[in-house]
Amino acid sequence: MDKRYEVYCLVDRTFYDSPLRGMGAADYTRPVAPGWTVFEQDDWVVYRPDGCVLPDQGWKVHASACLTNAAEILEILTSYCISRKIPFKFLRGRHLLHLRNAKYADRGASGKLAALYPADETQLQAILAELGGLLAGRAGPYILSDLRIGGGPLYVRYGGITERYCVTEHGRVEPAIADLEGNLVPDRRGPVFSTPPWIRLPPFLEPHLAARAAASLDGLPYRIDKVLHFSNGGGVYLGTDRRSGHRVVLKEARAHAGLDAGGDDAVTRLRREREVLRRLDGLAVAPRLLDEFTVDEHSFLVMEHIDGDLLTRAFAERYPLGGQGREDRDEYAAWALRVCAAVEAAVAAVHERGLVFCDVHPGNVIVRQDGRVALVDHELARPVEEAGRTGTTAPEGLTGVDIDRYGLACLRLAMFLPITELCQIDRVKAVELAEVIREHFTVPADFLDEAVLTITGDRRARRVPGAHIPAWNSVTLADPERWQRLRRSMTLGILAAATPERDDRLFPGDVEQFATGGLNLAHGAAGVLYALDVTGAGRFPEHEEWLLTRAMQPREGSRLGFYDGLHGLAHALAHFGRPAEALDLAERISRERWQSLGLDLHGGLSGIGLNLMHLAETTGQRDLHTQALKVIDLVASRLGEHPPSPGLMYGAAGAALLFLRAYDRTGETSLLHLAERALRNDLARYHIPHDVGRDPGSALDKGSVGLAWVLAEYLARRPGDALTASWQALDLAARSPFSIQSGLFTGRAGILAYLCRNRWSEDDPAAESHLRALGWHALRYQAHLAFPGERLLRLSMDLATGTAGVLLAVGAALHEEAISLPFLGPARLHSPRPMEVQG
């Protein structure tokens, strides 16, 4: 589970947004000394002596700090650097320091308050000795990517200083440093200190490296066998007691790290958990506390290992909304009711000890073989009188045991329809979820009614199911009038969410838009405006102008790909009648180091090649056709590479699509052979489930849906091919009746778009079912239809995860004209012309 999303829920209750939004002016400020230049750069305040030119890379000194001593450390550090004219920078404020050291912050970069840039190794040694002495005894979180100097808050690392970027072997644009030959290579910032292979560690750092290596668990009676979970606060490990041979669970907490919303660190939470486990001692619903110890400021609890399955896994293995019959659903319902009763009894036992668990969800429940359950991860548990909303998903205002009652109510619904995260956006959604459950399962009425009442807090809510959302479940594939109403409502919702006053995004979407920018096709304005146009919802010149202005001034380090970067922007500009600007952008991209990108469609060479062919055709520019041929040759020569995952967006299926579209334009049969090779590469890496409807990977981006789509395109050009059986199996898997997500790339909308790719007839039951079931996810935004993004915690308007993607998929089913994603629509075949491609 991607925990990044929870951080992006802190700012806005409706949309994912940057946790840095609205920070305002810096609150860590220092006076400006004569002869210094001071400016803000992203999260940092930069101090640089006049005339100072920083090297591109070198040794850096980092200072860590706690929230309580950051101002003091910064005061000492600033005075030291100014007196010696050492360039430095520091975080703009306490809020940033808190976020960078939060529980699910990046482990490699966490804890940094300031960075100093010594001129050479001699000055580096002096800084570590002099400033290290001034800061001795000050606490700070361990910066895992760096080498710690003594026991203080100073650390060192070799890396980039000026902003330079390169493309990794997986097609990612990352910060870079130059090797000895001057080639740019990734500047890795992992959770373990390391130096580039060509860098010699200065002798004065060797004792500190030895001290780091000396800290280990080797002398303890426990062996770590497996990592169960990592966070910035520490880890959870499955281990063995060397003395008895019994399995144990070890939970680690890093000092001063992994801050929660209240500022407490992981060690503080671990101590609380220790006290909770002591109070629960003797209850079978919690693991026994066996031991505790500390190694190099890392605190550990050793707990009993409870044999069984996490409820998340047991649920996934049994859940029957994948096409099973009524008998299977009745059997499942009986099991789920027993589990809910057992969990409720376990929580009641915790309450009897004067505690509130505060974190009821399937990931914290273990189901034993005999059906008994246990609660694990008691980090948030509190005495009844202290339990508040902080750190929980319960609504504001709930305290004490009501927090657990809310969690148990959500569990009741989630055991039958696991999308109760939607209730965090709109609590009344529980009414509709209960109605869907009643339709598919035999469940006691009061079991659901009590859950709905607890979640909504409103006895009237259960008497008006569906009143706050247009009745979606009556929509059919032969319903043009309903399509127009749905399209209008989704369009108005998207437009109502627009923020043209912002520079970082126009439409709220997935958290990825803050990493890749708010312009691209997948998560940015280009994809939303494309979906609105092709579905007949209209053109919006003021928003297109917002996109154009920013597309023509791309930021440093912008990605180059089709769905995540500049090629997608060029495609959108051409689509909106801006061919000159599209060509200008394509020309800029051609000067970048695009050759080392991955082979994929999303951000790699396949997407670039497809777009170059498209631009060559629509603009008549022959040089773009030549560039496309070079890309096709390059992809063909690298087909043996293994992409990160199989499928349309990130696998070799994207390369197959490139070869198929090139074949459509040329008639060169060698391209079909290449498409076959690419598809076989993905098929060899993708496990097709034997049980229809049980495919957890039934998604457009990485799963069976996208792979089946391209395979169908291939078979349309080679009917009767030996890959037909593979497509039939994938097609069955792609028709999985249930999807937790609603979005186009990873959810139900993508399945619907696939099923309607050839304008399926109105009696296709699978397409009809998916179209109706999209209503399970439908929510309101300012009285208009909207859909949640990834993880279902907030609304999204983007193409990949949100409302724009659902709009496009519903349009694929209902619009009067065939519509699809770029390059996946009906092919326009051209007269064959010569084309030489490597085999």
Side-chain angles (χ1 to χ4, degrees), residues 165-174 176 181 183-186 558-571 583 585-617 621-682 684-685 710 713-714 822-823 833-839:
Y165 297 88
C166 70
V167 180
T168 71
E169 64 272 18
H170 296 305
R172 293 288 189 182
V173 177
E174 293 186 1
E181 286 74 41
N183 301 311
L184 290 180
V185 297
S558 292
R559 300 187 182 184
L560 309 178
F562 186 75
Y563 278 106
D564 67 351
L566 300 182
H567 257 288
L569 294 182
H571 186 92
L583 290 173
L585 199 53
E587 197 277 329
R588 292 190 196 187
I589 301 168
S590 69
R591 299 196 297 266
E592 301 290 336
R593 300 187 181 188
W594 54 266
Q595 294 87 347
S596 58
L597 287 168
L599 302 185
D600 59 280
L601 171 62
H602 190 272
L605 295 174
S606 295
I608 289 176
L610 283 161
N611 194 47
L612 288 171
M613 283 194 293
H614 172 78
L615 292 177
E617 179 185 348
Q621 295 291 317
R622 291 290 301 171
D623 61 321
L624 294 180
H625 177 72
T626 303
Q627 289 182 43
L629 293 182
K630 292 179 180 178
V631 174
I632 293 169
D633 282 346
L634 184 55
V635 173
S637 70
R638 291 170 51 187
L639 266 187
E641 296 179 6
H642 286 304
S645 60
L648 174 64
M649 292 294 175
Y650 303 100
L657 184 63
L658 170 66
F659 297 137
L660 291 174
R661 289 310 186 201
Y663 168 77
D664 292 341
R665 286 161 172 77
T666 67
E668 175 57 58
T669 56
S670 65
L671 290 160
L672 286 181
H673 298 315
L674 288 167
E676 178 187 4
R677 276 185 58 198
L679 288 167
R680 287 188 181 278
N681 285 352
D682 263 9
R685 301 177 62 211
V710 180
E713 293 271 356
Y714 169 78
F823 317 129
R833 56 178 181 262
M835 183 179 197
E836 293 184 0
V837 181
Q838 295 176 4

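Values reported hereafter were calculated over all heavy atoms of this structure, with side chains retained and with hydrogens, waters and symmetry mates removed.
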With under 30° as parallel and over 60° as perpendicular, where do the rings of F823 and F562 fit, or are they tilted in between? tilted
Residues that S645 engages under side-chain contact (heavy atoms from CB on, under 4.5 Å), provided they are two or more places apart: Y650, K702
Please find the pair of heavy atoms, one from L599 and one from R638, that lie closest to each other, and give the distance. CD1-O, 3.2 Å
Closer than 3.5 angstrom, by distance alone: can the side chain of N681 be matched with the main-chain N or O of L639 as a donor-acceptor pair? yes
A678 and A652: which non-hydrogen atoms are nearest, and at how many Å? O-CB, 3.3 Å
How long is the gap from NZ on K630 to NE2 on H625, to the nearest 0.5 Å? 12.0 Å
Counting heavy atoms not belonging to R593, are there more than 12 under 6.0 Å from its CZ? no
L624 vs L583 side-chain heavy atoms within contact, under 4.5 Å: yes
Let's go through L605 and Q595 carefully: what are the C-alpha distance in whole Å and the side-chain angles of both, what is the deciding distance for side chain to side chain contact (heavy atoms under 4.5 Å, CB included) to 0.1 Å, and is it a yes or a no? CA-CA 8 Å; L605 295 174; Q595 294 87 347; 5.9 Å; no
Quick one, S606 with D600, criterion side chain to side chain contact (heavy atoms under 4.5 Å, CB included). Give me CA distance, side-chain angles, the key distance, then yes/no. CA-CA 5 Å; S606 295; D600 59 280; over 6 Å; no
Using a strict threshold of under 4.0 Å (side-chain N to carboxylate O), is an ion pair present between R588 and E592? no
Test side chain to side chain contact (heavy atoms under 4.5 Å, CB included), reference L679, set L674, L657, V710, output is V710
Side-chain touch H567/L610, heavy atoms, less than 4.5 angstrom: no
Interatomic distance, E587 atom CD to Q621 atom CD [nearest 0.5 angstrom]: 11.0 Å
W594 and V631 have their tightest heavy-atom pair at CZ3-CG2, 3.8 Å
Just how far is it from atom CZ of R665 to atom NE2 of H614, taken to the nearest 0.5 Å? 8.5 Å
Could you give the distance from NE2 (H602) to CG (L597), rounded to the nearest 0.5 Å? 13.0 Å
R559 vs L566, side chain to side chain contact (heavy atoms under 4.5 Å, CB included): CA-CA, chis, key distance, verdict: CA-CA 6 Å; R559 300 187 182 184; L566 300 182; over 6 Å; no
Which atom names give the shortest non-hydrogen contact between A570 and L585, and what distance separates them? N-CD2, 3.7 Å
Find the distance between CD1 (I632) and CD1 (I608) and round it off to the nearest 0.5 Å. 12.5 Å
Heavy-atom side-chain proximity of L672 to F659 below 4.5 angstrom: no
dist R661:CZ -> T666:OG1 (nearest 0.5 Å) comes out at 13.0 Å
Ignoring hydrogens and geometry, is there a side-chain-to-backbone donor-acceptor pair from D682 to P646 under 3.5 Å? no
